[in-house]
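Lettering of chains follows the sequences in order, A, B, ..., and the numbering in each one begins at 1. Remember, predicted model here, so these are calculated numbers, not experimental data.
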Amino acid sequence: MPELPEVEVVRRGLERWVAGRTVASAEVLHPRAARRHAEGGDALAARLTGRTLEAASRRGKYLWLPLDGRGSALVAHLGMSGQLLVQDAATPDETHLRARFRFADGGRELRFVDQRTFGGLDLDELVPDDADGRVPATVAHIARDPLDPLFDAAAFVRRLRARRTGLKRALLDQTLVSGIGNIYADESLWRARLHGAQPTDELAPARVRELLGHVRDVMAEALGQGGTSFDALYVNVNGESGYFDVSLAAYGQADRPCPRCGRPIVREPFMNRSSFRCPRCQRTPRRPHP
DNA sequence: GATCGGCCCTGCCCGC
DNA sequence: TGCGGGCAGGGCCGAT
């Protein structure tokens, strides 16, 4: 369940171990891994062969590796259970190995492993972004994330308050702000003492800015802890045991005491999944958004 | 145009 | 013991 901090750790690993290397051969081993690529997995692999992966970029939970010439990029999304691993060729194939890239330098190979196949790879053209950079066309609709130096906090506050929806729905909307998933949404709302059903258009701007500060804090803490363990010749996001040592106050803590007030955390259905909150610290708003 | 719900997928875990 | 069902959930797409 990688969210922004976990994806950033992977990006750093790709930058260190993969950037600058030339693809000698590529294999896509499962059709769903390349389902976003209109021409299919074999064509994706063929188009990558002989190309150099120049760098590793990220926006929200999307990763991409610009190819030599910089006109296009290999795009990756880890979904819920995706991993990008830099492995010795002698390492046995993982059970859920979906794609493999071998390099011309004969060094370790890059593997895309994904149990639940929500993740995927694509090869896409780069288009100008909202500043002076370039992003893959499939990523162009994704908002900047709160750790991005060009993230526009004032615009975020304005756009969020213009929505007519619930606060947690807005936080999860990657076209409004990217990188926030269910876990960091719940943790940020808990820190801000806000209910996920709080109507966005009834929130004071100062409260939105305060919430944004908590989003940044919880992500920065997770990134700080995740980054320290990342020193091996190995790029890893573990969907099962991930989330490093970030101590979760609300998410997944049903029936455990709220670290702030001691009242048991409650679990509630939300968009076919779950939300966790403290019923005392995060009171239901007078007019909750359904 | 904005918002919302359904769907994709597999492994684990729980209850019967 | 075995099996069925619930659950995890990001993003796309169609419906409203």
Side-chain angles (χ1 to χ4, degrees), chain A residues 1-8 10-11 28-38 41 58-64 75-84 94-99 112-122 124 135-145 156 158-189 196-202 215 219 237-243 248 250-255 265-276 287-290:
Chain A
M1 299 172 264
E3 297 184 26
L4 187 151
E6 293 75 26
V7 179
E8 173 59 18
V10 173
R11 189 202 66 77
V28 176
L29 304 164
H30 193 288
R32 275 187 60 81
R35 66 190 181 284
R36 302 286 172 216
H37 191 68
R58 181 188 58 74
R59 177 168 295 183
K61 304 171 200 169
Y62 279 91
L63 291 163
W64 68 93
V75 182
H77 195 292
L78 301 176
M80 278 185 57
S81 55
Q83 296 171 278
L84 284 164
E94 291 77 7
T95 305
H96 302 293
L97 180 65
R98 308 305 190 197
F112 177 61
V113 177
D114 188 14
Q115 178 204 107
R116 291 181 230 183
T117 72
F118 274 52
L121 305 173
D122 193 7
D124 199 14
V135 293
T138 47
V139 183
H141 68 292
I142 300 293
R144 290 182 185 274
D145 61 67
F156 167 73
R158 188 172 61 247
R159 292 184 62 211
L160 182 135
R161 296 181 68 247
R163 295 288 176 99
R164 300 181 62 82
T165 188
L167 184 53
K168 183 168 173 180
R169 280 180 181 277
L171 288 180
L172 295 176
D173 182 346
Q174 306 294 302
T175 67
L176 180 63
V177 54
S178 70
I180 305 175
N182 205 33
I183 295 173
Y184 291 115
D186 277 3
E187 289 302 302
S188 304
L189 290 167
Q198 167 70 44
T200 48
D201 55 354
E202 295 175 9
V215 170
M219 285 183 168
V237 161
N238 186 328
E240 305 305 320
S241 64
Y243 292 94
L248 299 173
Y251 182 84
Q253 307 300 306
D255 302 327
I265 298 290
V266 296
R267 172 184 174 277
E268 295 165 326
F270 172 77
M271 292 174 76
N272 287 326
R273 56 201 69 171
S274 295
S275 282
F276 298 88
R287 286 181 291 162
H289 190 277

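A donor-acceptor contact under 3.5 angstrom links the side chains of A/Asp122 and A/His37, judged on distance only.
Using a 4.0 Å cut-off, no side-chain N or O of A/Ser81 falls inside it from OP1 or OP2 of C/dA8. OP1 and OP2 of C/dA8 both lie 4.0 Å or more from every side-chain N or O belonging to A/Arg116. A close approach under 4.0 Å does not occur between any side-chain nitrogen or oxygen of A/His289 and OP1 or OP2 of B/dT3. The shortest distance between the side-chain N/O atoms of A/Arg267 and the OP1/OP2 oxygens of C/dA8 is below 4.0 Å.
One can place CG of A/Leu248 at 14 Å from P of C/dA8, the figure rounded to the nearest angstrom. For the pair A/Phe270 CZ and C/dA8 P, the interatomic distance rounds to 13 Å; values are reported in whole Å.
No donor-acceptor contact under 3.5 Å links the side chain of A/Arg164 to the base of B/dA2. The base of C/dG10 lies close enough to the side chain of A/Arg273 for a donor and an acceptor atom to sit less than 3.5 Å apart.
The side chain of A/Met80 approaches C/dA8 more closely than any other nucleotide in the set C/dA8, B/dC9, C/dC12. Of the candidate nucleotides B/dC9, B/dG5, C/dG10, B/dG5 has the atom nearest to the side chain of A/Arg169. Taking only side-chain atoms of A/Arg36, from C-beta outward, the nucleotide of C/dG10, B/dT10, C/dC12 with the closest atom is C/dC12.
Every residue was checked against the ring-ring contact (aromatic ring centres under 6.0 Å, His included) condition with A/Phe118, not counting sequence neighbours, and none meets it.
In the helix from B/dA2-C/dT16 to B/dC16-C/dG2, the end axes, each obtained as the rotation axis mapping the C1' atoms of four pairs onto the next four within a five-pair block, lie 50° apart to the nearest 10 degrees.
Nearer the 5' end of DNA chain B, as judged by each residue's closest nucleotide, is the contact made by A/Gly166, out of A/Gly166 and A/Thr117.
Under the 4.5 Å side-chain criterion, counting only non-hydrogen atoms from C-beta, A/Leu4 is in contact with A/Arg58.
A/Gly60 and A/Val7 make their closest contact through O-CG1, 4.2 Å (heavy atoms, listed as atom of the first residue, atom of the second, distance).
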